[in-house]
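So you know, we letter chains A, B, ... as the sequences are listed, proteins then strands, and number each from 1.
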Protein chains: 2
Amino acid sequence: MATLPTLPVPDSDLLRLDHQVCFSLHAASRAFGSVYRDALKELGLTYPQYLVMLVLWEHGPEPVKSIGERLRLDSGTLSPLLKRLEAAGLVHRERSPEDERSVTIRLTEAGEALRERALPVPRRIMAATGLTVDELRTLRSLLGRVTGALDEA
Amino acid sequence: MATLPTLPVPDSDLLRLDHQVCFSLHAASRAFGSVYRDALKELGLTYPQYLVMLVLWEHGPEPVKSIGERLRLDSGTLSPLLKRLEAAGLVHRERSPEDERSVTIRLTEAGEALRERALPVPRRIMAATGLTVDELRTLRSLLGRVTGALDEA
DNA sequence: TGCAACTAAGTTGTGCGCAACTCAATCGCA
DNA sequence: TGCGATTGAGTTGCGCACAACTTAGTTGCA
């Protein structure tokens, strides 16, 4: 199955492969975004906002810092996004008493309630991918390794 | 190796898997973007601008329409991007004589010349991914299938 | 103890991605 | 042939991503 190390891949093929991988990634990410956009429209959430809500639904109140670490987003992205979630009445922010620099994000009742309506979303997306569970696992694993390696560099 | 169809995957696992795949994709796409940003900085290109240049380097003058089809981008994204490439002196736009609605994008000499300096970029990215050629092929193939399936829906 | 280094969140500015729209050119068909 | 529908490019507006910066609070150590 594996390419024999003694059969070198031509240089030009490598360049094409790189372009194709990067481009596929870009395209796939946007294709997912588009399907999620449709699925989340009735909830009034964008895809990144949904990711933040997932973190809060799963882990409970969290400081901005750790939401950012989980989602690989910095305050420049999260601050305005959280402001919009707050304006929508889904979360509410409070300065941490023990560290005044830190702001804890907490779900409101409306934010908790939205969880029910969000439950059917992932299944719809899964079905739309057309991949088997095993393939999705392979994909997740490859993507995880790529991201890890790229973050090193 | 494959999961037996007779061993159903619990529902909650499916939901987690979906989240993980979508999130990994999102994260990987941004990780690639970040590495490309560094590699392209000295060329004065962003990653999407680089993708447009790749199309022009490979296919020669192209109308905005077909650049958009190749890259899965609409005029709302391409028009300002091309305006910036034009301002940078890399491309130049001309109305098509046979269809006055269409605008053909053509590389300037500076745009052609940039190709040389861009050649070493993909190899650097490939190395940074830490994946084998086979794994990259698998990744490309899975991503292509996902995008195709999602675009159906 | 005091002050420099660090840290968390927020702000500003730029570019991408996309929906919704405008405008002009072209097409198609009654 | 004329006129409504379609098409290609561009514009507007909003949200995300990120670099670079500011501000306020905390930490550590000389």
### Query
Between D:dC21 atom P and A:Asp74 atom CG, what is the distance in whole Å?
15 Å
#### Entry: B:Tyr47 OH - D:dC18 P separation (whole Å)
14 Å
### Query
Whole-Å distance between C:dA8 C1' and A:Glu98 CD?
14 Å
### Query
Quick one: are B:Val21 and A:Thr129 in side-chain contact, heavy atoms under 4.5 Å?
no
### Query
Between B:Arg117 and B:Glu42, is there a side-chain N and carboxylate O pair less than 4.0 Å apart?
no
### Query
Strictly by modelled atom types, are A:Ser66 and A:Glu62 linked by a side-chain donor-acceptor pair under 3.5 Å?
yes
### Query
Rounded to whole angstrom units, what separation is found between the NZ atom of B:Lys41 and the P atom of D:dC18?
14 Å
### Message
Using the ring centroid of each side chain, check whether B:His26 and A:Phe32 are separated by less than 6.0 Å.
### Response
no
### Query
Expressed in angstrom and rounded to an integer, what is the separation of B:Arg37 atom CZ from D:dA20 atom P?
10 Å
### Message
Walk along nucleotides 7-12 of chain D from 5' to 3' and tag each nucleotide B, S or - by protein heavy-atom contact under 4.0 Å, base first, then sugar-phosphate.
### Response
BSBBB-
### Task
Tell me which nucleotide among C:dA19, D:dA17, D:dG15 gets nearest to the side chain of A:Thr46.
D:dG15
### Residue pair B:Leu25 / A:Leu25, side-chain heavy-atom distance below 4.5 Å
yes
### Message
What is the separation between atom CG on B:Leu40 and atom P on C:dG15, rounded to the nearest whole Å?
### Response
15 Å
### Task
Can you tell me the distance, in whole Å, between the CD atom of B:Glu100 and the P atom of C:dC27?
12 Å
### Query
Side-chain contact, heavy-atom cut-off 4.5 Å: B:Arg123 with B:Pro120?
no
#### Entry: Euclidean distance, atom CG of residue A:Leu51 to atom P of D:dG15 [Å, nearest integer]
17 Å
